[in-house]
Undergrad: 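Here's a structure for you.
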Amino acid sequence: MAFVINNLTDNSNTVIKEKLGSFTVLEYIKDLSTTSVVDATAQYYMSHSNMHRKQLMIELNNSEIMMKAGAMQYTVGRMEMTTGIKDAGGAVRSFFGGAASGTGAIKPLYKGTGTILLEPTYKYIWLIDVDNDEVVIEDGLFLACETSLRIGVTARSNLSSAVLGGEGLFNMSASGKGVIALEAPIPSEEAVVVELQNDELKVDGNFAMMWSNSLNFTVERSGKTRMGSAASGEGLVNVYRGTGMVWLAPLAAYS
């Protein structure tokens, strides 16, 4: 069995932005498929604003990955796709876990040898090497990961995190050792990483995209009293306490 994909990575309009393990991020310098003056004008300004289409390519060699449902554009090679659900109980757990974390109920597993191309996106694709650690990820960022990672659902530390903050009770988490790909609102070089050593971080808004599961996450009033919160003009803030790291998108709140 053999195949060759021509005019993809060897295309002068395509650059490899990053490669980690079996994951490769492709970026298209220009959108050559414009068909109208309106499209061409929009593409001109988008290209000058760092808005380029990106695409995640995954190369399997008798290996396995998990992917966001509906993200696949095409596959080449001999691979088997399964849901990763073994019984009805697993389907129920997957449904509620996906619904709670906003990541989709069923995440397909692709196993074998071949190449997978995901749907293009104007967002930014991050490749993260999780090295015997556990990170919590904001809803909707998950794109794909190696199955050596354990993907689960992490509950908020208390009810205030959901009720006061207007968010869900759960987030997706990834633990163990392996590579995970995220679809983020900002490029990785723009992210601010705050390292806490038995300290606390307060964030006004949904600017945190990922954080260490070792941190205690709550939503609280910015002041000790309601009057104090009103006077500060901030109201409610997301609070991360303990020892760990928080990845912030300072120029674009995640939504």
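Side chains are part of it too, since the values below use all heavy atoms of this structure and drop only hydrogens, waters and symmetry mates.
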Undergrad: Share the residues that join Val15 in a hydrophobic cluster, the rule being Ile, Leu, Val, Met, Phe, Trp or Tyr side chains under 4.5 Å apart at the heavy-atom level.
TA: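 Members alongside Val15: Ile29.
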Undergrad: Going by atom types only, do Gln73 and Gln55 share a side-chain donor-acceptor pair under 3.5 Å?
TA: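 Their side chains do contain a donor-acceptor pair, which is all the 3.5 Å distance test asks for.
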Undergrad: Partners of Val193 by side chain to side chain contact (heavy atoms under 4.5 Å, CB included), sequence neighbours excluded?
TA: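 Once residues adjacent in sequence are excluded, the partners of Val193 under the side chain to side chain contact (heavy atoms under 4.5 Å, CB included) criterion are Met245, Trp247.
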Undergrad: Taking C-beta and beyond as the side chain, do Val153 and Met172 meet within less than 4.5 Å on heavy atoms?
TA: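 No, side chains not in contact.
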Undergrad: Could you list the residues that satisfy side-chain hydrogen bond (donor to acceptor under 3.5 Å, both in side chains) with Ser63, not counting sequence neighbours?
TA: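 Partners of Ser63 by the side-chain hydrogen bond (donor to acceptor under 3.5 Å, both in side chains) criterion come out as none, since no residue qualifies.
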Undergrad: Between Tyr122 and Lys54, is there a cation-pi geometry (under 6.0 Å to ring centre, at most 45° from the normal)?
TA: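 So Lys54 doesn't make the cation-pi contact.
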Undergrad: Could you measure the distance from the CE atom of Met66 to the OG1 atom of Thr83? Nearest 0.5 Å is fine.
TA: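 Here the interatomic distance stands at 10.5 Å.
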Undergrad: Do the charged groups of Glu64 and Lys111 touch, with an N to O distance under 4.0 Å?
TA: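 Salt bridge flag = no for Lys111 with Glu64.
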Undergrad: Could you tell me which non-hydrogen atom of Ile137 sits nearest to which non-hydrogen atom of Ala174, and how far apart they are?
TA: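 Of all heavy-atom pairs spanning Ile137 and Ala174, the closest is CD1-CB, 4.4 Å.
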Undergrad: Compare all side-chain heavy atoms of Leu8 with those of Leu26 and state whether any distance is below 4.5 angstrom.
TA: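 Leu8 reaches Leu26 side chain to side chain.
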Undergrad: Applying salt bridge (Lys or Arg N to Asp or Glu O under 4.0 Å), can you list everything that pairs with Glu18, at least two apart in sequence or on another chain?
TA: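 Here no residue qualifies.
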Undergrad: Quick check: closest heavy atoms across Glu80 and Thr82, and the distance to 0.1 Å?
TA: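 Where Glu80 meets Thr82 most closely, the heavy atoms are OE2-CG2, 3.6 Å.
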Undergrad: Answer yes or no: is there a side-chain heavy-atom contact under 4.5 Å between Tyr240 and Lys202?
TA: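 Sidechains of Lys202 and Tyr240: no contact.
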Undergrad: Does the side chain of Asn238 reach to within under 4.5 Å of the side chain of Phe217, using non-hydrogen atoms?
TA: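 Counting from C-beta outward, Asn238 and Phe217 do come under 4.5 Å.
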Undergrad: Who are the side-chain hydrogen bond (donor to acceptor under 3.5 Å, both in side chains) partners of Glu195, not counting sequence neighbours?
TA: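 Listed in chain order: nothing, the list is empty.
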Undergrad: Looking at every non-hydrogen atom in both residues, tell me the closest pair between Gly244 and Ser214 and how far apart they are.
TA: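 That would be CA-OG, 4.0 Å.
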Undergrad: So which heavy atom on Phe142 is nearest to which on Ile180, and how close?
TA: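 Heavy atoms of Phe142 and Ile180 come nearest at CD1-CD1, 3.9 Å.
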Undergrad: Hey, is the main chain of Ile186 close enough, under 3.5 Å, to the side chain of Trp126 for a donor-acceptor pair?
TA: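 Answer holds: yes.
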Undergrad: When you compare the side chain of Leu236 with that of Val219, does any pair of heavy atoms fall below 4.5 Å?
TA: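 SC-SC contact between Val219 and Leu236 confirmed.
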Undergrad: For residues Pro185 and Leu141, report the shortest heavy-atom separation together with the two atoms involved.
TA: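 For Pro185 and Leu141, the tightest heavy-atom pair comes out as CD-CD2, 4.2 Å.
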Undergrad: Would you say Thr9 and Met57 make side-chain contact, with heavy atoms under 4.5 Å?
TA: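 Yes; the side chains approach each other to less than 4.5 Å.
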Undergrad: Who passes side-chain hydrogen bond (donor to acceptor under 3.5 Å, both in side chains) against Thr24, sequence neighbours left out?
TA: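 By the side-chain hydrogen bond (donor to acceptor under 3.5 Å, both in side chains) rule, Thr24 matches Lys19.
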Undergrad: Go through the steps for Leu196 and Thr243 under the test side chain to side chain contact (heavy atoms under 4.5 Å, CB included), then give the verdict.
TA: CA-CA 5 Å; Leu196 299 176; Thr243 298; 5.9 Å; no
Undergrad: Using the side chain to side chain contact (heavy atoms under 4.5 Å, CB included) rule, take Trp211 and Asn171 through it: C-alpha gap first, then chi angles, then the decisive distance, then the call.
TA: CA-CA 11 Å; Trp211 57 92; Asn171 281 95; 4.1 Å; yes
Undergrad: Within this structure, what is the CZ-OG1 distance for the pair Arg78 and Thr113, rounded to the nearest 0.5 Å?
TA: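 Arg78 CZ to Thr113 OG1: 10.0 Å, rounded to 0.5 Å.
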Undergrad: Compute whether any side-chain donor of one residue and acceptor of the other, for Glu59 and Thr115, lie under 3.5 angstrom apart.
TA: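 Not at all, the side chains of Glu59 and Thr115 share no donor-acceptor pair under 3.5 Å.
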Undergrad: Can you check whether Ser173 reaches Ile151 side chain to side chain, under 4.5 Å on heavy atoms?
TA: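 The answer is no, as the side chains (C-beta and beyond) never meet within the 4.5 Å cut-off.
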Undergrad: Can you sort out the partners of Tyr28 under ring pair (Phe, Tyr, Trp, His ring centres under 6.0 Å), two or more places apart, ordered by chain and number?
TA: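 Checked Tyr28 against ring pair (Phe, Tyr, Trp, His ring centres under 6.0 Å); zero matches.
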Undergrad: Hey, what do you get for CD (Glu183) to NZ (Lys68), rounding to the nearest 0.5 Å?
TA: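 Spacing of CD (Glu183) from NZ (Lys68) equals 5.5 Å.
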Undergrad: Mind checking side chain to side chain contact (heavy atoms under 4.5 Å, CB included) for Ser148 and listing every partner two or more places apart, or none if nothing turns up?
TA: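 Per chain and number, Ser148 pairs via side chain to side chain contact (heavy atoms under 4.5 Å, CB included) with Glu146.
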Undergrad: Can you name the side chain to side chain contact (heavy atoms under 4.5 Å, CB included) partners of Val76, sequence neighbours left out?
TA: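 So Val76 forms a side chain to side chain contact (heavy atoms under 4.5 Å, CB included) with Phe3, Ile5, Tyr74.
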Undergrad: Start with the C-alpha gap between Ile128 and Met210, add the side-chain angles, then the distance that decides, and say whether side chain to side chain contact (heavy atoms under 4.5 Å, CB included) holds.
TA: CA-CA 11 Å; Ile128 299 170; Met210 186 170 64; 3.4 Å; yes
Undergrad: Quick one: do Glu134 and Ser212 satisfy side chain to side chain donor-acceptor pair (under 3.5 Å)? Show the steps, please.
TA: CA-CA 6 Å; Glu134 182 170 7; Ser212 302; over 6 Å; no
Undergrad: From Lys17 NZ over to Ser188 OG, what is the distance, rounded to the nearest 0.5 angstrom?
TA: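 Reported value, rounded in 0.5 Å steps: 8.5 Å.
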Undergrad: Taking only residues two or more places apart in sequence, or in another chain, which ones meet Asp131 in a side-chain hydrogen bond (donor to acceptor under 3.5 Å, both in side chains)?
TA: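 For Asp131 the side-chain hydrogen bond (donor to acceptor under 3.5 Å, both in side chains) partners, ignoring immediate neighbours, are Lys177.
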Undergrad: Could you tell me if the side chain of Val203 sits less than 4.5 Å from the side chain of Leu201, heavy atoms only?
TA: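 Side chain of Leu201 against side chain of Val203, heavy atoms only: contact under 4.5 Å found.
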Undergrad: Using a 4.5 Å cut-off between side-chain heavy atoms of Ile, Leu, Val, Met, Phe, Trp and Tyr, which other residues end up in the same hydrophobic cluster as Val179?
TA: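 Val179 shares its hydrophobic cluster with Leu20, Phe23, Val25, Leu56, Ile58, Leu60, Ile65, Met67, Met72, Met79, Met81, Tyr110, Ile116, Leu118, Ile125, Leu127, Leu143.
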Undergrad: Quick check: closest heavy atoms across Gly70 and Glu119, and the distance to 0.1 Å?
TA: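 Closest approach of Gly70 to Glu119: O-CG, 4.3 Å.
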Undergrad: Return the set of residues passing side chain to side chain contact (heavy atoms under 4.5 Å, CB included) with Asn11 (not counting sequence neighbours), or none when no residue passes.
TA: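 Asn11: side chain to side chain contact (heavy atoms under 4.5 Å, CB included) contacts with Asn7, Asn13, Thr14.
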